[in-house]
Structures are given as structure tokens and as C-alpha cells.
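Data block below; observations after.
This one's a predicted model, so the numbers in the text were calculated from it and none came from an experiment. Values below: every heavy atom of this structure, side chains too, minus hydrogens, waters and symmetry copies.
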Amino acid sequence: MCDNRRDEKIIGGFIVKINKHFLDLQDSYLFSTIAKKAAAHVEANPDAQVLRLGIGDVTRPLPQVAVDAMKAAVDEMGVAATFRGYGPEQGYPFLREAIKAYYAAKGVDLAADEIYVGDGAKSDIGNILELFDKDNNIIIPDPVYPAYLDANIMAGRKVFYINGDEGNGFLPMPDAIAVKPDIIYICSPNNPTGSVYNRGQLKVWVDFALEHGAIILFDSAYECFISDKTLPTSIFEIEGADKCAVEIGTLSKMAGFTGVRCGFTIISHNLQFDGQSIGKMWMRRQATKFNGISYIVQKGAEAVLTPEGLAGCGENIAVYMDNAKTIAKTMAELGIWHVGGDNAPYIWLKCPNGLSSWDFFDKLLAEAHVVGTPGAGFGVKGEGYFRLSAFNSKENVAEAMRRLKNIL
């Protein structure tokens, strides 16, 4: 039986309106598509050992000092005298002081209240857009981490691309920008290419942002993999960045916190637009929409940033970077053009024999039982390229490269 009252409401236009910008997104998030394809292959080939060098998830265990610290924190939560409920919105002082000391070792002087603890880079990179008017022009490099683009599409923002290619080493510079820049995304080391901006290049970016009144959102998720001491690991190593940049960091890759969740956003007191403190605006946003990271996780994060914790992280990072060297060496032996692998855990390679990135993905999965990431998923300029991740065991990476040689 028809509900006439409901029909009248629909005909009269009284129906909930959706955010139609979601319809502009790709049907599926890149890594969800990869997971589905890999799962289908496993189901069809149950005896095959599928080696995953696709999604950038860590595989090594947490540093033991972090595990011990979180266990102790759990015990504290079971005692009335040491139990904790809601924590400080900006993060516990002990963790903010630890992050401050970590940056001091880079030569970057921060105030503790310029540090805002969060649950990882992806959340803060998307959420910080709420501080800025929707009419701002968004500058995003292509190829790049797809979450940057998707977060802006969801909000209906105007996105403009600066293209990376072999000619610029997949490190585009401001001279490629043809519109008024407002919000600029920079990821260094870059995901997916593994390319890293040097100090001179970042200085050009900072000066450009200052000249045009733009803000840089600097994603430093992979800074811990930089071994070349001449390369900057923070935008705040560059003079003037405190007046034009926000840095977003995470313990996901450095400490293996992908499943634990802890990151941080750094906003200098000197960062102001339209007479407003961006830090105060972010604090207000967080106080309304975010209840913070658990005490347990923050104690683990604090332990990570001790000398013992950093040593444990370093051991894991060394394994991943040995894997990256193995992959890069294989590409060189096969005569395949590539970048990355020296200061980042990713190798960005040109698909052999003129294959498209998804065709190469299918070939690698079907013939070698190896999962990678098609470059097309990172942008138009990623077509024809492919990302391999070093996040796996030494044995699995060596076997994956043996299989790759066999099919090529």
C-alpha cells in the first residue's frame, strides 16, 4: 500500500540532499581496488604464495620499548589512582615535549603548544581544509597520494595540478603553476615516487608561498627514511616556513604505528592569514570534533621518541631500506627506468614494454603472484608507471624480484 504522505514529500522536494561532490570521486579508493583484485587472485589460485609490495603498510613489529610502555599504561588505567579519562585536546604534555625534542635534533626549534597530536597524517591532511574557504585554489602535484585529491573533491574545491615527470624527476616546481595559488600540497619524500626535494628546491617553494600569500601543507610521513644528511626532513628547516607552512607528521611508517594510530600537526604561532592564527583555529576545530588519542597510545609514542625507541625504529627502517635497494638494483639490472629507493621506501618505475600501469599490475599478479600499485591510481601523470613498496620481509622482497626477473 502506497504511503501518499511520503510521496507528497518527495514530489514536493522535501527529500534529504546528499553531497553530490562525492559523485565526482572514483568509484573505489585505489587501495580498495587493489585489495579486491588480490583477493580474487588468491581465491582463484589458492596454492600460490602472493607477495604484496603494493600498499604502503609496514610489516615489522613495534619497537619493544613502545610495547612495554603501552603495557604499563594499560596497567595504570586499571588503578583508580592512575586512571585517566579525557586527555588534553592538544595531546599530553609528555608527548608534545618528546616531539619537540625530536625536532630540536633536526635543528628546528618548536614551542610545545605549536604541536597538536592526532591519529595520523591522513586525518589531519583532510580535516585541516575546514579552516579555509572553499573558493581557495588547491595546488596538488600529479602523481601524488590520492587522499589529497579525494579530500578536496569531497569538499567541492577547485583543484589544479602541477605535473611531475621524468624530466623534473617527479619533483615539480612553482614555475608550473598557472593560477593564483592558495593551498599547496607538498609531500617529501614523495608518495608514490620516492623523490625528495633538496633544500634549494624547498626554499624556492617557501619563497613562492610567501610572495603569493599561499599556505603549504607539508606531508613529512616518510622523513625518517632520508639517509642523505644534505636533504631536509622538515619544511621548518627552511627559513620563512613558519610563516607559510603547516607540517603534518606521523609515527605510522617510522614506528610501525599504522595499526596503532598516532601522528601530529605542527602550526607555528607565526602562521596567520586574514588576521587569524591558524593554530588557534585548528585548536578550536579539534576541540569541537576530536577527542584525542588514548593515553595508552601516547605513552607508546613517547617511548618511540626516546634514544632506545629511535634505535628500535632505526633497525626496522634499515630492513625496509635494504629491501628498497634490492628492488632498485633489480630495476637497474633489467634496464628499467626508476626513481626512489635511496631516501624513501618506494621505487617508482616505468612500466616495461609500453604496458599501461593496470596491465602491468595484472601481468605481475597473474604471472608472478606479486602485488604492486598502478601509477594511474596516483594521477594522470602516473599512467605508464608503477610503484613497488619495500615494506615486507627481506626474503619476500628477494623472492618477488626473482619472480619479476623471470617474467621480464
ask   = Regarding Lys363 and the six-membered ring of Phe360, is the cationic atom NZ or CZ under 6.0 Å from the ring centre and inside 45° of its axis?
value = no
task = List the steps and the verdict of salt bridge (Lys or Arg N to Asp or Glu O under 4.0 Å) for Arg60 and Glu315.
result = CA-CA 10 Å; Arg60 304 273 303 168; Glu315 292 174 4; 5.8 Å; no
task = Assess whether side chain to side chain contact (heavy atoms under 4.5 Å, CB included) is satisfied between Tyr148 and Cys187, documenting all intermediate values.
result = CA-CA 10 Å; Tyr148 301 168; Cys187 180; 3.3 Å; yes
message = Testing the 3.5 Å rule here: is there a donor-acceptor pair between the side chains of Tyr385 and Asp165?
response = no
query = Hey, what's the ring geometry for Phe208 with Trp205, parallel, tilted or perpendicular (30° and 60° as the breaks)?
reply = perpendicular
Validation row: Leu271, Ile267 side chains within 4.5 angstrom (heavy atoms) = yes
ask   = In terms of heavy-atom contacts, does CD of Glu308 have more than 12 from other residues, nucleotides or ligands at under 6.0 Å?
value = no
ask   = With distance as the sole criterion, is a donor-acceptor pair present between the side chains of Lys106 and Thr233 under 3.5 Å?
value = yes
query = Under 3.5 Å, is there a donor-acceptor pair linking the side chains of Tyr295 and Glu76?
reply = yes
query = Just wondering, are more than 12 heavy atoms of other shown residues or ligands nearer than 6.0 Å to NZ in Lys381?
reply = no
Between Ser234 and Glu247: side-chain donor-acceptor atoms closer than 3.5 Å = yes
Donor on one side chain, acceptor on other, His269 and Asp242, under 3.5 Å = no
inquiry  = Quick check against the 3.5 Å criterion: does His369 have a side-chain atom that pairs as donor or acceptor with the backbone of Glu367?
reply    = no
query = Who are the ring pair (Phe, Tyr, Trp, His ring centres under 6.0 Å) partners of Phe361, not counting sequence neighbours?
reply = Trp358
inquiry  = Ignoring hydrogens and geometry beyond distance, is a side-chain donor-acceptor pair present between Gln49 and Arg403 at under 3.5 Å?
reply    = yes
query = Do other residues, nucleotides or ligands put more than 12 heavy atoms under 6.0 Å from the NZ atom of Lys329?
reply = no
ask   = Cut-off 3.5 Å, side chains only: do Asn190 and Ser188 have a donor facing an acceptor?
value = no
4.5 Å side-chain heavy-atom contact, Leu149 and Arg157 = no
ask   = Does Arg284 CZ have over 12 foreign heavy atoms under 6.0 Å away?
value = no
query = When the ring planes of Phe225 and Tyr320 are compared, do they come out parallel, tilted or perpendicular, using 30° and 60° as the limits?
reply = tilted
